[in-house]
There are 2 protein chains.
Amino acid sequence: MIIEVDPDGDVPIYQQLRDRVVEAIATGALKEGSPLPSTRALATDFGINFHTVNKAYDLLRRQRLLRINRKSGAVVSRDASSGPAEPEFVADWTGRATTLLAEATARGLTRDDILDICRTVLATFGEESEES
Amino acid sequence: MIIEVDPDGDVPIYQQLRDRVVEAIATGALKEGSPLPSTRALATDFGINFHTVNKAYDLLRRQRLLRINRKSGAVVSRDASSGPAEPEFVADWTGRATTLLAEATARGLTRDDILDICRTVLATFGEESEES
DNA sequence: TCACTGTTATACAAGTTATAGAACAGACCA
DNA sequence: TGGTCTGTTCTATAACTTGTATAACAGTGA
């Protein structure tokens with residue numbers, strides 16, 4: 001799993017990190033139980049501060065995607081096959097999806113354009129084998 | 001068209017405003033040529049500063065969704081039927097959609113759950129008549 | 001003229017982001 | 001035991017973002 005981070009982008013580094021981990025879980029590159037590098041190790045890898053990595057891990061922990069102990073470090077806590085989504089999350093997600101879909105529609109993508117893109121992206125998820 | 005804004009939410013006010021306008025364009029509540037209130041009028045309506053409204057309008061102008069002149073004020077510059085999307089936008093949008101779809105997948109929504117939600121949301125767009 | 005508009009400039013308080021250094025305690029290994 | 005790594009917590013700082021506040025200017029239209 002190769003993760004890249006752009007320190008000069010619009011998106012905060014800690015959120016880019018979070019997003020890349022979420023995507024890795026979706027694709028199956030990271031599965032329930034997969035260990036993640038320690039905050040300090042990952043920080044030196046990327047040339048960033050370990051507090052920044054800590055913030056990303058903390059976000060993922062609060063979204064129940066990571067378990068973090070002093071013992072086992074950071075471990076993936078769920079993946080695409082873990083169980084049904086919480087209704088609270090679904091409501092929140094639907095709101096965010098509405099804004100994103102509205103933007104595509106307003107900018108000229110048709111309903112079918114949009115659904116094709118979604119299907120294409122979703123087809124890349126859950127394919128079970130990615131390099132580590 | 002009734003717009004609500006939450007000053008205490010996680011999302012900046014100017015971005016909430018931008019999102020609501022984008023959604024109104026997608027649903028058809030705002031069409032090509034529809035005038036928007038002046039920045040100062042909208043600001044006093046919401047009890048916020050007119051610079052905040054200005055920032056939202058400026059965002060929408062840079063996304064080519066608004067035309068703004070001293071003469072005609074802020075006017076919707078395109079809608080769902082305006083023409084094909086720019087490839088640059090599609091690439092950027094696909095990236096953001098990937099992150100959002102990954103989050104849904106990681107949190108337990110299935111491919112069909114997700115597509116159903118997208119279809120449902122898209123069905124509410126372009127229905128041509130909304131109150132003003 | 002007068003009121004309204006968009007536009008621009010400056011300033012300030014509060015919050016966010018990223019970095020930095022320090023310290024503590026649990027885990028692990030030699 | 002001692003040393004090292006880990007997560008966790010605390011403080012501090014610089015840079016940037018967000019939102020508010022005033023002020024000023026120029027074009028528009030009644």
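By convention in this document, chain letters (A, B, ...) are assigned in the order of the sequence lines, proteins followed by strands, and residues within each chain are numbered from 1.
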- Query: Does B/Ala106 offer a backbone N or O that forms a donor-acceptor pair with the side chain of A/Arg78 under 3.5 Å?
  - Reply: yes
- When the distance from CD1 of B/Ile68 to P of C/dT8 is rounded to whole Å, what number comes out? 11 Å
- Salt-bridge test for B/Glu23 and B/Arg18: reply yes if a basic N is under 4.0 Å from a carboxylate O, no otherwise. no
- Item | Test item: B/Asp79 side-chain N/O and B/Glu32 main-chain N/O as donor-acceptor pair under 3.5 Å | yes
- Message: Closer than 3.5 angstrom, by distance alone: can the side chain of B/Ser72 be matched with the main-chain N or O of B/Ile68 as a donor-acceptor pair?
- Response: no
- Query: Atom CG of B/Asn54 and atom C1' of C/dA9: how far apart are they, to the nearest Å?
  - Reply: 13 Å
Could you pull out every donor-acceptor pair under 3.5 Å between side chains of residues 9-16 of chain B and any protein atom, sequence neighbours left out?
| residue | atom | partner | partner atom | Å |
| --- | --- | --- | --- | --- |
| B/Gln16 | OE1 | B/Asp6 | N | 2.9 |
| B/Gln16 | NE2 | B/Asp6 | O | 2.7 |
| B/Gln16 | NE2 | B/Val11 | O | 2.8 |

- Query: What one-letter contact string describes nucleotides 17-24 of chain C from 5' to 3', where B marks a base within less than 4.0 Å of any protein heavy atom, S marks contact via sugar-phosphate atoms alone, and - marks no contact?
  - Reply: SSBBBBB-
- Rounded distance in Å - CG (A/Asp10) to P (D/dT18): 11 Å
- Nearest nucleotide by nearest heavy atom, which residue falls closer to the 5' end of DNA chain C, A/Lys71 or B/Arg61? B/Arg61
- Message: Just the rounded figure in Å: distance from P of C/dT5 to OH of B/Tyr57.
- Response: 11 Å
- Message: Rounding to an integer number of Å, can you tell me how far B/Asp8 CG sits from C/dT16 C1'?
- Response: 17 Å
- Rounded interatomic separation in angstrom, taking CZ from B/Phe46 and P from D/dT18: 19 Å
- Item | Protein-nucleotide distance (A/Leu66, atom CG; D/dG7, atom C1'), rounded to Å | 13 Å
- Could you go step by step and tell me if B/Glu88 and A/Arg107 meet the salt bridge (Lys or Arg N to Asp or Glu O under 4.0 Å) rule? CA-CA 11 Å; B/Glu88 200 180 30; A/Arg107 293 290 291 272; over 6 Å; no
